[in-house]
Amino acid sequence: MTFQVNTIRRLCKRTPRCLTHMFAAEICMHRFLLSSPVRTLNPKEGADHFFVVPHDFGACFHYQEEKAIERGILPLLQHATLVQTFGQRNHVCLKDGSITVPSYAPPQKMQTHLIPEKTPRSIFVYFRGLFYDVGNDPEGGYYARGARAAVWENFKDNPLFDISTEHPTTYYEDMQQAVFCLCPLSWAPWSPRLVEALIFGYIPVIIVDDIVLPFADAIPWEEIGVFVDEKDVPNLDTILTSIPPEVILRKQRLLANPSMKQAMLFPQLAQAGDAFHQVLNGLARKLSHDRNVYLKSGEKILNWTAGLVGDLKP
């Protein structure tokens with residue numbers, strides 16, 4: 001454990017970006033567990049292990065799907081619980097029993113960019129990001145399975161769509177003035193925009209087939225988001241303009257729930273209901289608890305301290 005702590009400290013000192021990158025959940029989970037009562041210093045008392053693998057293809061660890069599939073899940077990881085940002089049903093890189101988590105977003109940084117809640121949402125659809133990844137996909141047909149390219153080709157001149165590859169300094173502020181924000185897949189299904197949707201209150205338009213989303217106990221994704229099949233991207237304008245205003249308002253009210261915002265964040269100091277505790281909820285299900293400590297209908301937070309005494313020994 002001392003070796004791991006020192007290694008993490010040296011890495012973060014040499015590369016500070018490790019603390020703020022969208023894959024920083026790995027560092028955050030490590031820091032959280034150092035002071036958590038569920039951690040044990042004796043491996044014989046804590047025989048259940050898990051690995052945090054917050055990369056494009058999780059346990060397959062690669063940004064291009066065909067190479068990730070070829071590599072597969074390393075033997076070291078095949079028999080452990082995996083905590084990973086990657087989640088797509090029936091994919092070789094998603095191990096049964098994995099816990100899907102959001103990408104990391106710096107809570108304090110996002111807080112500084114909040115604008116008044118009553119600011120009108122004057123942008124109908126917003127997106128900033130790549131539509132083609134020419135450097136890694138020269139022919140342009142593989143990146144995002146063509147979904148992002150379809151967005152650009154169909155809506156680059158549509159006045160309802162504020163889309164561009166440019167990333168302005170007002171990116172966070174602009175998001176908070178949008179009704180919908182596109183959350184398409186890139187090389188992998190997950191998107192940091194899903195975290196931003198919960199924090200900034202826009203309705204995420206999730207364009208990924210068979211995606212597995214994080215923390216379904218705490219976040220009613222079907223109720224707050226709009227799901228669009230990749231093949232239906234050319235119909236995005238019709239799909240979004242046909243949503244009744246009362247449905248949009250209901251989704252926006254749900255997105256204003258502070259507990260859902262908390263569930264998507266890894267704060268520097270752990271707080272009740274945050275992403276750390278959502279991970280613990282998932283891990284607790286794998287322990288030999290009595291059935292009466294599992295989540296009841298309507299409950300959002302599992303009381304993970306209600307398990308066997310031996311499970312909780314620090």
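The chain is numbered in sequence order, starting from 1.
Using cut-offs of 30° and 60° on the angle between ring planes, the pair Phe32 and Phe276 is parallel. Between Phe266 and Tyr104, the ring planes are tilted. Angles from 30° to 60° get that label.
Remark: the backbone N or O of Leu255 is paired with a side-chain donor or acceptor of Lys261 at under 3.5 angstrom. Remark: the backbone N or O of Cys93 is not paired with any side-chain donor or acceptor of Gln88 at under 3.5 angstrom. Although no hydrogens or angles enter the test, the distance criterion places no donor-acceptor pair under 3.5 Å between the side chain of Asp137 and the main chain of Asp133. With Asn281 contributing its side chain and Ala284 its backbone, the two residues share no donor-acceptor pair below 3.5 Å. Remark: the backbone N or O of Gly225 is paired with a side-chain donor or acceptor of Lys251 at under 3.5 angstrom. Side chain of Ser98 to main chain of Val83: no donor-acceptor pair is present (N/O by atom type, distance under 3.5 Å, no hydrogens or angles). Not a single donor-acceptor pair under 3.5 Å links the side chain of Gln271 to the backbone N or O of Pro267. A donor-acceptor pair is defined here as one N or O able to donate and one able to accept, closer than 3.5 Å; such a pair exists between the side chain of Arg121 and the backbone of Ala178. Counting only distance, with no hydrogens or angles, the side chain of Thr119 and the backbone of Ile115 share no donor-acceptor pair below 3.5 Å. Checked by atom type and distance alone, the side chain of Asp229 never pairs as donor or acceptor with a backbone atom of Lys231 at under 3.5 Å.
Under the 4.5 Å side-chain heavy-atom criterion for Ile, Leu, Val, Met, Phe, Trp and Tyr, Phe86 and Phe50 are members of distinct hydrophobic clusters. No single ILVMFWY cluster, assembled from side-chain heavy atoms under 4.5 Å apart, contains both Val92 and Leu82. Grouping the Ile, Leu, Val, Met, Phe, Trp and Tyr side chains by contacts below 4.5 angstrom, directly or via other members, places Met110 with Met264. Under a hydrophobic clustering in which Ile, Leu, Val, Met, Phe, Trp and Tyr are joined whenever their side-chain heavy atoms come within less than 4.5 Å, directly or via other members, Leu182 and Tyr132 fall into the same cluster. Taking hydrophobic clusters as Ile, Leu, Val, Met, Phe, Trp and Tyr residues chained together by side-chain heavy-atom distances below 4.5 Å, Ile163 shares a cluster with Leu194.
Here the CD-CD distance, from Gln176 to Glu117, works out to 9.5 Å after rounding to the nearest 0.5 Å. Taken from CD in Gln278 to OG1 in Thr100, the straight-line distance is 13.0 Å, to the nearest 0.5 Å. In this structure, the separation between CG on Leu265 and CG on Asp274 is 8.5 Å, given to the nearest 0.5 Å. Between the CE atom of Met22 and the OG atom of Ser191 there is a distance of 9.0 Å, given to the nearest 0.5 Å. Between the CD atom of Gln84 and the NE2 atom of His55 there is a distance of 9.5 Å, given to the nearest 0.5 Å. Atoms OG1 and CZ, on Thr165 and Arg148 in that order, are 11.5 Å from each other to the nearest 0.5 Å.
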Less than 3.5 Å apart, which donor and acceptor atoms pair up between the side chains of residues 60-72 and the rest of the protein, not counting sequence neighbours?
unit_1: His62; atom_1: ND1; unit_2: Gln64; atom_2: N; d: 3.2
unit_1: Tyr63; atom_1: OH; unit_2: Asn136; atom_2: OD1; d: 3.3
unit_1: Gln64; atom_1: NE2; unit_2: Asn136; atom_2: O; d: 3.0
unit_1: Glu65; atom_1: OE2; unit_2: His91; atom_2: NE2; d: 2.9

Compile the donor-acceptor pairs under 3.5 Å between side chains in residues 200-215 and protein atoms, sequence neighbours left out, one pair per line.
unit_1: Tyr202; atom_1: OH; unit_2: Arg193; atom_2: O; d: 2.6
unit_1: Tyr202; atom_1: OH; unit_2: Ala197; atom_2: N; d: 3.3
unit_1: Asp209; atom_1: OD1; unit_2: Glu230; atom_2: N; d: 3.0

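Nearest heavy-atom pair, Phe57 versus Trp187, reported as atom, atom and distance to 0.1 Å: CZ-O, 2.7 Å. Here the closest non-hydrogen pair linking Asp174 and Pro168 is OD2-CG, 3.8 Å. The heavy-atom pair separating Leu185 from Ala147 by the smallest distance is CD2-CB, 3.8 Å. For the residue pair Ala270 and His277, the shortest heavy atom distance occurs at CB-CE1, 4.1 Å. Taking both residues in full, the closest heavy atoms of Asp237 and Thr241 are given as O-OG1, 2.7 Å, listed atom of the first, atom of the second, then distance. Closest heavy-atom contact between Phe124 and Leu240: CZ-O, 3.8 Å.
Under the rule for a ring pair (Phe, Tyr, Trp, His ring centres under 6.0 Å), the partners of Phe131 that lie at least two apart in sequence or sit in another chain are Phe127, Trp152.
The number of heavy-atom neighbours closer than 6.0 Å to CD of Glu166, taken from other residues, nucleotides and ligands shown, is 12 or below. Within 6.0 Å of CD in Gln268 there are 12 or fewer heavy atoms belonging to other residues, nucleotides or ligands. Other residues, nucleotides and ligands place no more than 12 heavy atoms under 6.0 Å from the CG atom of Leu269.
Looking at heavy atoms from C-beta onward, Ser103 lies in side-chain contact with Val195 at the 4.5 angstrom threshold. Using a 4.5 Å cut-off on side-chain heavy atoms (C-beta onward), Thr81 and Leu283 make contact. Using a 4.5 Å heavy-atom threshold, the side chains of Asp232 and Asn235 count as touching. For the pair Val151/Leu236, a side-chain contact is recorded, criterion being any heavy-atom separation below 4.5 Å from C-beta on. Taking 4.5 Å as the limit, some side-chain heavy atom of Pro54 sits within range of a side-chain heavy atom of Val52.
For the residue pair Glu173 / His113, a side-chain donor-acceptor distance below 3.5 Å is found, with atom types taken as modelled.
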- Evaluate side-chain contact (heavy atoms from CB on, under 4.5 Å) for Asp162 paired with Arg128, printing each intermediate quantity in order. CA-CA 8 Å; Asp162 186 346; Arg128 292 294 184 272; 2.8 Å; yes

- Report the C-alpha distance between Tyr126 and Phe180 in whole Å, list the side-chain angles of each, state the deciding distance to 0.1 Å, and finish with yes or no for ring-ring contact (aromatic ring centres under 6.0 Å, His included). CA-CA 6 Å; Tyr126 185 80; Phe180 298 101; over 10 Å; no

- Would you please test Ile27 and His21 for side-chain contact (heavy atoms from CB on, under 4.5 Å) and show each step? CA-CA 10 Å; Ile27 304 295; His21 193 273; over 6 Å; no

- Message: One pair to check against side-chain contact (heavy atoms from CB on, under 4.5 Å): Glu26 and Met29. What are the steps and the verdict?
- Response: CA-CA 5 Å; Glu26 183 172 7; Met29 281 299 303; over 6 Å; no

- For the pair Ile239 and Val228, evaluate side-chain contact (heavy atoms from CB on, under 4.5 Å) and give the outcome as yes or no after the intermediate values. CA-CA 8 Å; Ile239 292 170; Val228 177; 4.0 Å; yes

